[in-house]
Amino acid sequence: MDEIKLNTSELAERARDLRAGQRVLLSGTAYTSRDAAHKRIIEMLDRGEEPPYPLKGAAIYYAGPTPAPEGMPIGSCGPTTSARMDPYAPRLLELGLKCMIGKGGRSSQVVEAMKQSGAVYLCAVGGAGALAARCITECQVIAFEDLGCESVKRLTLRDFPLIVGIDSLGGSILV
């Protein structure tokens with residue numbers, strides 16, 4: 001199967017066309033958020049505040065990158081177990097999130113929310129964080145700096161290799 005080159009700016013239009021098992025080379029902007037950041041984002045939404053990044057059409061990478069070594073924009077940046085974000089994902093999907101990147105399975109509630117919103121879950125290879133970092137050309141902390149490696153970062157991806165783990169129809173490679 002050929003790799004699909006996709007930019008994050010195209011996710012709102014193309015996420016529904018992706019199918020479980022397809023390989024994707026993703027470029028564009030993605031935001032890191034793990035469970036501590038997700039909790040704060042939900043609290044912000046509950047107070048009527050804007051989240052630290054626009055959710056409509058966004059891609060979230062569940063990762064907590066290590067500090068950048070000399071001459072690199074980021075350190076090791078492997079995926080975090082996605083199920084930890086399951087309590088928060090349906091609300092973010094309802095607000096327009098189109099892509100989640102991580103590793104491992106998702107709850108039936110998340111899969112149902114993905115089907116309703118036309119979103120996709122892309123899997124990154126666990127244990128290959130140093131290789132993943134080679135596909136990140138820029139990294140900027142944009143929120144919750146006190147969380148350290150779990151702060152929210154805006155990443156610029158270039159041909160980040162991923163596999164469609166769960167598609168917008170509920171098709172899945174995860175058993």
Heavy atoms only: give me the nearest T32-A63 pair and the separation to one decimal. CB-O, 3.6 Å
E150 vs D35, side chain to side chain contact (heavy atoms under 4.5 Å, CB included): CA-CA, chis, key distance, verdict: CA-CA 8 Å; E150 290 196 43; D35 37 336; 3.8 Å; yes
Atom CD of E43: over 12 foreign heavy atoms under 6.0 Å: yes
Checking the side chain of T156 only, and the main-chain atoms of T137 only, is there a donor and an acceptor separated by less than 3.5 Å? no
Heavy atoms of L11 and A59 approach each other most closely as CD1-CB, 3.8 Å
Taking all non-hydrogen atoms of both residues, which atom of A133 and which atom of G75 are closest, and how far apart? CB-O, 3.2 Å
Are any non-hydrogen side-chain atoms of I101 and L162 less than 4.5 angstrom apart? yes
Heavy-atom closest pair, residues D167 and M114: O-CE, 4.0 Å
Which atom of S168 lies closest to which atom of A15, heavy atoms considered: OG-O, 4.1 Å
In plain terms, say whether E112 and K115 are close enough for a salt bridge, that is, a side-chain N and a carboxylate O under 4.0 Å apart. yes
Considering all heavy atoms, the nearest M44-P52 contact: SD-CD, 4.0 Å
Only one of L93, V120, L122 clears side-chain contact (heavy atoms from CB on, under 4.5 Å) with M100; which? L93
Under 4.5 Å between any side-chain heavy atoms of S76 and P65, yes or no? no
Any chance you could lay out the side chain to side chain contact (heavy atoms under 4.5 Å, CB included) test for E50 and L45, step after step, and finish with the verdict? CA-CA 6 Å; E50 292 294 317; L45 292 169; over 6 Å; no
V152 reachable from I136 in the ILVMFWY side-chain graph, under 4.5 Å edges: no
Drop me the distance from L25's CG to L6's CG, to the nearest 0.5 angstrom. 9.5 Å
The test is side chain to side chain contact (heavy atoms under 4.5 Å, CB included); show your working for K153 and Q140 and say whether it passes. CA-CA 5 Å; K153 297 167 185 67; Q140 178 186 13; over 6 Å; no
Atom pair OG (S33) and CD1 (I60), whose distance is rounded to the nearest 0.5 Å: 5.0 Å
What about I74 and V125, same hydrophobic cluster or not, with Ile/Leu/Val/Met/Phe/Trp/Tyr joined at side-chain heavy-atom distances under 4.5 Å? no
So, does K39 use its side chain to make a donor-acceptor pair with the main chain of Y88 at under 3.5 Å? no
Starting at CG of D17, measure out to CD of Q22 and round the result to the nearest 0.5 Å. 9.0 Å
Start with the C-alpha distance between S82 and Y121, add both sets of side-chain angles, then the distance that settles side chain to side chain donor-acceptor pair (under 3.5 Å), and finish with yes or no. CA-CA 10 Å; S82 301; Y121 172 56; 2.8 Å; yes
Approximate separation, where rounding is to 0.5 Å, of L97 CG and R91 CZ: 13.5 Å
Is the closest basic N to carboxylate O distance between D159 and R134 below 4.0 Å? no
Shared hydrophobic cluster for V110 and Y62 (ILVMFWY, side-chain gaps under 4.5 Å): yes
Okay, side chain of T81, backbone of A83: is any donor-acceptor separation there less than 3.5 Å? no
Quick one: pull up CG in L169 and CD1 in I166 and give me the separation to the nearest 0.5 Å. 12.0 Å
For atom CD of E49, is the number of surrounding heavy atoms from other residues, nucleotides or ligands below 6.0 Å larger than 12? yes
Would you check if the side chain of S117 reaches a backbone N or O of A113 as a donor-acceptor pair within less than 3.5 Å? yes
For residues L26 and K5, determine if any side-chain heavy atom of one lies less than 4.5 Å from a side-chain heavy atom of the other. no
Check whether NZ of the Lys or CZ of the Arg R40 lies under 6.0 Å from the centre of the six-membered ring of F144 and within 45 degrees of that ring's axis. yes
Let me confirm one number: the CG-NZ distance from L174 to K103, rounded to the nearest 0.5 Å. 13.0 Å
Donor-acceptor contact below 3.5 Å, side chain D86 vs main chain S107: yes
Angle class for the Y53/Y31 ring planes (parallel below 30°, perpendicular above 60°, tilted otherwise)? parallel
